[in-house]
Protein chains: 2
Amino acid sequence: MDFSQDLIRGSVVPIVLALLRNRPMYGYEMVKLVNARTKGRLEWKEGTLYPTLHRLQSLGLVSARWADAPADEAPGRKRKYYSITRKGRTELARRTQEWSQFSLSVNALLLGGRL
Amino acid sequence: MDFSQDLIRGSVVPIVLALLRNRPMYGYEMVKLVNARTKGRLEWKEGTLYPTLHRLQSLGLVSARWADAPADEAPGRKRKYYSITRKGRTELARRTQEWSQFSLSVNALLLGGRL
DNA sequence: CTTGAATACCTCGGCAGCCGATGTATAATA
DNA sequence: TATTATACATCGGCTGCCGAGGTATTCAAG
């Protein structure tokens, strides 16, 4: 479907935080996972994700550590695993709420319903 | 609630087109209406809307004409009324579809549901 | 063995849209 | 008379997305 990039904007941060809710992940994994889970309707680019992760880290919303990939997955390969911080969880809650209000508002206006 | 501007981005165009679906409107009216209908959750700025309207016009998605405000509303006042064109309606359909797919995707990722 | 694809990380500059600030002019209200 | 509301507009700053490009490793195919 190939969304206009303007729609994508602003959704990257909350989605990243949401992905890290349950377990640490590495960047490349997030890209593939988002693209797969949305069947390519969202098509994340590495050129977007990596700078975003660094930004979130500098804001203290995620933390990163290098580690070996599990031996049964990709033995001998190094990956940079990101985890969400306590501060990040607070921000996630805020952003989720924000998204929900926002999407309700837009839906109401677009689909003509009352708010 | 005061959304991050990044979320707003990309939603302005489809909303403008949707507003014009039923009747012509003037810019100032759209700003007030959106702010009121969303109870200030969306807070449109004139500095965003006017350039957007001009852009849409140059793309042939809307047309504009100056006219007197109705005598029972604001007698003696000039307004610039925008209407959606046929091309604009096609674009509206596309954008509505796009938004719907997009918001479903984001919702699924944010709220953890399956797609 | 060498080539190519997949994995996994990264940077940089261009671009486009939102917004704050600012400006103009008129009508209504205090 | 001064202020507020209506109604239009522009402009530059900022920020984030993306295309293009780069490095290095692992693994399968030729």
Side-chain angles (χ1 to χ4, degrees), chain A residues 2-16 24-36 42-59 61-62 64-82 95 102 106, chain B residues 2-16 24-36 42-59 61-62 64-82 95 102 106:
Chain A
D2 188 32
F3 299 126
S4 84
Q5 63 209 50
D6 295 318
L7 232 33
I8 270 59
R9 206 171 172 124
S11 67
V12 178
V13 166
I15 292 175
V16 165
M25 293 183 69
Y26 56 102
Y28 192 77
E29 184 186 11
M30 298 185 205
V31 172
K32 297 297 170 189
L33 184 140
V34 165
N35 294 349
L42 282 192
E43 199 178 347
W44 276 13
K45 313 298 162 60
E46 301 180 41
T48 299
L49 182 61
Y50 288 119
T52 299
L53 287 171
H54 301 155
R55 203 168 68 248
L56 292 180
Q57 188 177 11
S58 82
L59 290 171
L61 302 178
V62 304
R65 71 177 237 284
W66 283 94
D68 293 307
D72 58 330
E73 262 183 46
R77 208 175 263 286
K78 292 283 185 190
R79 288 169 178 168
K80 195 169 174 182
Y81 286 92
Y82 289 89
R95 296 278 203 151
F102 172 72
V106 174
Chain B
D2 187 35
F3 300 127
S4 85
Q5 62 208 51
D6 294 320
L7 232 34
I8 270 59
R9 206 171 171 123
S11 67
V12 178
V13 165
I15 292 176
V16 165
M25 292 184 69
Y26 56 101
Y28 192 78
E29 184 186 11
M30 298 186 205
V31 173
K32 298 298 170 188
L33 185 141
V34 164
N35 295 349
L42 282 192
E43 199 178 346
W44 274 13
K45 313 298 162 60
E46 301 180 45
T48 300
L49 182 60
Y50 287 120
T52 299
L53 286 172
H54 301 156
R55 203 167 69 248
L56 292 180
Q57 187 177 11
S58 83
L59 291 171
L61 303 178
V62 305
R65 71 177 237 284
W66 283 94
D68 293 307
D72 59 330
E73 262 184 47
R77 207 177 263 285
K78 293 283 186 191
R79 288 168 178 169
K80 196 169 173 182
Y81 286 92
Y82 289 89
R95 295 278 202 152
F102 172 73
V106 175

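- Residue A:Tyr50 places at least one side-chain N or O under 4.0 Å from the OP1 or OP2 atom of C:dC9.
- Regarding B:Met25, its CE atom lies at a distance of 14 Å from the P atom of D:dT6, rounded to whole Å.
- By the 4.0 Å N-to-carboxylate-O rule, A:Arg77 lies too far from A:Asp68 to be salt-bridged with it.
- Put simply, B:Lys78 has no side-chain N or O that comes within less than 4.0 Å of OP1 or OP2 on D:dT6.
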### Query
Given the rule in the side chain to side chain contact (heavy atoms under 4.5 Å, CB included) test, do A:Leu49 and A:Val16 qualify, once you have shown the distances and angles that lead to the verdict?
CA-CA 9 Å; A:Leu49 182 61; A:Val16 165; 3.7 Å; yes
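- B:His54 has no side-chain polar atom (N or O) that falls below the 4.0 Å cut-off from OP1 or OP2 of D:dC8.
- OP1 and OP2 of D:dA5 both lie 4.0 Å or more from every side-chain N or O belonging to B:Lys32.
- As judged by a 4.0 angstrom heavy-atom cut-off over every strand, A:Trp66 is placed among residues touching the sugar-phosphate backbone only.
- Nearest-nucleotide positions on DNA chain D for A:Ser11 and B:Gly27 put B:Gly27 closer to the 5' end.
- Remark: C1' of C:dA8 and OH of A:Tyr81 are 11 Å apart, rounded to the nearest angstrom.
- Separating the CD1 atom in A:Ile8 from the CZ atom in B:Arg9 is a distance of 12.0 Å, to the nearest 0.5 Å.
- Taking the side chain of A:Tyr28 as heavy atoms from C-beta on, and the options C:dA8, D:dA5, C:dC18, the nearest nucleotide is C:dA8.
- Separation of atoms CG (A:Leu42) and CG (A:Leu7) is listed at 9.0 Å; rounding is to 0.5 Å.
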### Summary
Readout for nucleotides 22-30 of chain C: B = base within 4.0 Å of protein heavy atom, S = sugar-phosphate only, - = neither; 5' to 3' it is ----BS---
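- Rounded to whole angstrom, the span from the CG atom of B:Asn35 across to the C1' atom of D:dA5 amounts to 15 Å.
- Taken from NZ in A:Lys32 to CE in A:Met25, the straight-line distance is 12.5 Å, to the nearest 0.5 Å.
- Mapping A:Thr48 and A:Arg79 onto DNA chain C via the closest heavy atom, the residue that lands nearer the 5' end is A:Arg79.
- If you measure from atom CG of B:Leu49 to atom P of C:dG20, you get 14 Å, rounded to the nearest angstrom.
- Atom CG in A:Asp6 sits roughly 12 Å away from atom P in C:dC19 (whole-Å rounding).
- Proximity of A:Tyr82 to A:Leu56: side-chain heavy atoms (C-beta onward) are nowhere separated by under 4.5 Å.
- When the side-chain nitrogen and oxygen atoms of B:Thr52 are compared with OP1 and OP2 of C:dC18, one or more of them lie within a distance under 4.0 Å.
- Note that the CH2 atom of A:Trp66 and the OH atom of A:Tyr26 stand 12.0 Å from one another [nearest 0.5 Å].
- Taking atom CD1 of A:Ile8 as the reference point, atom P of D:dG19 lies 11 Å away to the nearest angstrom.
- The distance from atom NZ of A:Lys45 to atom P of D:dG16 is 18 Å, rounded to the nearest whole Å.
- If you measure from atom CZ of A:Arg55 to atom P of C:dT11, you get 13 Å, rounded to the nearest angstrom.
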